[in-house]
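Contents: one structure, followed by commentary.
Excluded from the calculations below are hydrogen atoms, water molecules and symmetry mates; all remaining heavy atoms, backbone and side chain alike, are included. Counting starts at 1 for both ligands and their atoms, in listed order.
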Amino acid sequence: MFSLTFTYVLLVWLYSSAFVPNVKAAGTDIALPFVRNPPTNASQILDPRLASFSIEFSYLTTFGGNKTHPNLLTKELMQRLVERTGVGPDVRPGGITIDSSVYDPNVSALTLSESPSGGIYRTTFGPQLYESLLVFPNSSQFVVTVNLGNDTITIAKNEIAAAVEHIGMDRIRAFELGNEADHYAGGSRPSGWSSSDYTAQFLGWSSVLSRNLSLPPHIFQAGGFADDPTPSASMTTVDIINEGVDTTGVVKLFAQHTYQYSTCDPVRNAIATLPNLINHDNITAYLDLWKPQIAAAKGVGKEFVVGEFSSVSCSGKQNVTDTFGQALWLADTILYGAALNISRMYLHQGATLVFQSSNQANSPGFSWYDLWYPIPTDRYGSARASPSFVAYLLITEAIGPSNQSRLALLPSISQTLSNLAAYAVWDPAARSIKEGPARLVLLNLAVRNSSSSTDAGQVTVDLRQWTKNVGSVRVKRMTSAGLDSKDSRLTTWAGQSFENGTATGSEIIERLESSGSVTVKGSEGVLVFF
Ligand SMILES: *[C@@H]1O[C@H](CO)[C@@H](O)[C@H](O)[C@H]1NC(C)=O
Ligand SMILES: *[C@@H]1O[C@H](CO)[C@@H](O)[C@H](O)[C@H]1NC(C)=O
Ligand SMILES: *[C@@H]1O[C@H](CO)[C@@H](O)[C@H](O)[C@H]1NC(C)=O
Ligand SMILES: *[C@@H]1O[C@H](CO)[C@@H](O)[C@H](O)[C@H]1NC(C)=O
Ligand SMILES: *[C@@H]1O[C@H](CO)[C@@H](O)[C@H](O)[C@H]1NC(C)=O
Ligand SMILES: *[C@@H]1O[C@H](CO)[C@@H](O)[C@H](O)[C@H]1NC(C)=O
Ligand SMILES: *[C@@H]1O[C@H](CO)[C@@H](O)[C@H](O)[C@H]1NC(C)=O
Ligand SMILES: *[C@@H]1O[C@H](CO)[C@@H](O)[C@H](O)[C@H]1NC(C)=O
Ligand SMILES: *[C@@H]1O[C@H](CO)[C@@H](O)[C@H](O)[C@H]1NC(C)=O
Ligand SMILES: *[C@@H]1O[C@H](CO)[C@@H](O)[C@H](O)[C@H]1NC(C)=O
Ligand SMILES: *[C@@H]1O[C@H](CO)[C@@H](O)[C@H](O)[C@H]1NC(C)=O
Ligand SMILES: *[C@@H]1O[C@H](CO)[C@@H](O)[C@H](O)[C@H]1NC(C)=O
């Protein structure tokens, strides 16, 4: 390896559009043991649309705009993802408002019927609604959720027929009957409404709709339940498979929703704090609850997706989910979801809905967890990307465009560094599998607040074992003023911020320190390319 150092510095210099000085840092020094081969339980091949979106149905026009007035922020942000994976993310217009929606060919785009307190009790939509989907990349696929809550099959039939007409089957990933049917009991259904009732109605409706509308086989996304699959859950993927939901050839895949924390009531609101959220053990322990559900779907040869999710239900929490902390939470949650073989995760975008809970902390307005605010508002100020948007850039670059990547969470390095998560990505299009991972994600979830001058969590990771025989190593960094920072202009991916949807600033591609290490501050992530 003669003159490796020289070549390497030169190459990195050529790669870089800016030079970053390497300051030998204080903090913990560790050597990350090299993992050459994918472990036997490494993920399936990653879908480049792993990081996808769910958009609250009643706000679809707000996020998408229409043909003459497309929402340019949404359009630009989606392009940033296509640039990295080659395909647009999936989009699922859905959420609680779908269960009071009605298609009417005579209305224009969207009409909301609201209560005096701002509760949306009906969403009537017409053909122009589909213009909102034009801002999404042409390679994006749509999950079409229809009204099951109303218990009137004609409403669902009209909605599916309209979607087939205006979106086209070639762009439809799947049809979904209703949103979170495990929450219908005592509301749109009798209090005894159970899993077997859902399964029976799913089988009946999917059969009639498939026949009546000549739908292709294996086109429905089943499930879509809200509650965590603990023993007290009333409906799960395991339950409905046992009840025979997959016996008629209509199911394409299974979905459940995940919201780790909540502001729907004061008890849960109290624990929805940044230190609790941004915690690798909490994140992995929570998603591990879905392992039997994923296994059940895989057992019948189907994908499992998280059809709607965010960190804090009932629209997030101010000063928690609108911070850079949400970016770290998203990166660890989505990459760990991929490690568990969840095919795609649909991050929910929307607004606080009065009928979500009678006891919630939030009042109407965009959700505090939205990845972007599509239009200016009094409460949030200008339309812009949130500080969490950069997580989607890290994730999409970790996956890449090859359709061949697989990943694994590496074993934790030590008890004291339990908040340092390392994901290795194998991608034969970038590096032969037998030589080792093509990319490595290091997420340091230790708290570094913008207000505090000290960073107890900084880690310097020795990667010399990883870089043998590697010509040039590049590093991209996801960082911000601090975990609690709410300023998108100070939140960067590879040195650039994306508050208006396009990159601002010069791209910074770093190289390893001369010791062969990379330093990751608390509340930072890096993506290393070998
Ligand atoms: C994920 O799927 C792959 C491919 O089917 C399999 O080999 C692996 O064991 C699975 N991993 C987990 C954690 O289930
Ligand atoms: C498109 O959106 C703009 C801005 O919201 C609105 O003024 C216009 O009426 C809409 N066009 C149609 C055809 O609805
Ligand atoms: C974002 O800002 C850049 C630079 O000022 C500008 O060129 C671009 O048009 C803006 N994009 C949007 C969507 O506003
Ligand atoms: C739409 O308008 C036509 C003509 O006015 C009417 O015949 C039809 O019943 C209307 N459809 C709905 C769903 O209201
Ligand atoms: C989709 O394709 C059409 C036709 O080529 C093009 O006009 C449009 O800009 C594309 N949409 C997006 C979001 O790229
Ligand atoms: C069902 O939809 C009809 C027509 O929009 C509406 O009148 C009725 O109130 C709805 N029922 C429920 C339970 O939402
Ligand atoms: C679908 O249902 C409508 C009435 O609801 C009926 O007129 C039509 O014949 C049905 N089509 C098929 C293919 O079953
Ligand atoms: C999450 O992590 C914190 C430590 O930051 C811990 O105190 C808490 O009990 C964990 N669990 C939950 C559900 O927040
Ligand atoms: C969030 O922080 C702002 C400014 O620091 C403060 O005014 C507001 O009350 C905080 N909100 C909550 C819910 O803690
Ligand atoms: C993969 O297997 C290892 C070793 O048994 C285990 O520690 C790890 O949790 C497994 N990974 C997943 C994602 O299940
Ligand atoms: C990856 O798969 C998508 C379809 O899912 C396809 O459009 C794209 O061209 C593929 N990319 C490569 C590099 O094969
Ligand atoms: C960092 O800020 C968060 C939210 O403001 C707070 O909960 C936490 O205690 C702070 N941690 C430290 C170490 O300052």
Review point. According to the interplanar angle, ranging from 0 to 90°, do the rings of Phe34 and Trp466 count as parallel (below 30°), tilted (30 to 60°) or perpendicular (above 60°)?
Key: perpendicular
Tabulated below should be the N or O atoms of ligand 2 paired with protein N or O atoms at under 3.5 Å; can you produce that?
residue, atom, partner, partner atom, Å
ligand 2, 2 (O), Asn66, OD1, 3.4
ligand 2, 2 (O), Asn66, ND2, 2.4
ligand 2, 11 (N), Asn66, ND2, 2.8

Review point. N/O to N/O below 3.5 Å, does that happen between Asn41 and ligand 10?
Key: yes
Practice item. Measure the acute angle between the ring planes of Tyr380 and Phe366, then classify it against the limits of 30° and 60° as parallel, tilted or perpendicular. Key: tilted
Check your understanding: Can a non-hydrogen atom of Pro39 be found less than 4.0 Å from any atom of ligand 10?
Key -> no
Review point. Checking Gln404 side chain against Pro428 main chain: does a donor-acceptor pair fall under 3.5 Å?
Key: no
Check your understanding: Side chains of Ser101 and Thr123: is there a donor and an acceptor less than 3.5 Å apart?
Key -> no
Check your understanding: So, do Phe53 and Tyr392 have ring centers that fall under 6.0 Å from each other?
Key -> yes
Point to revise | Per-atom contacts of ligand 5 with Leu134, taking only distances under 4.0 Å to non-hydrogen atoms | key: 13 (C)
Study note, to complete from the structure: A student checking ligand 10 against Lys291 at a 4.0 Å heavy-atom cut-off should list atoms 14 (O)
Point to revise | Residues that Ala233 engages under side-chain contact (heavy atoms from CB on, under 4.5 Å), provided they are two or more places apart | key: Thr236
Practice item. Any atoms of ligand 10 less than 4.0 Å from a non-hydrogen atom of Ala339? List them with their elements. Key: 13 (C)
Exercise for review: Decide if the gap between the ring center of Phe125 and the ring center of Tyr103 is smaller than 6.0 angstrom.
Suggested key: yes
Check your understanding: Hey, are Arg344 and Glu303 close enough for a salt bridge, meaning a charged N less than 4.0 Å from a carboxylate O?
Key -> yes
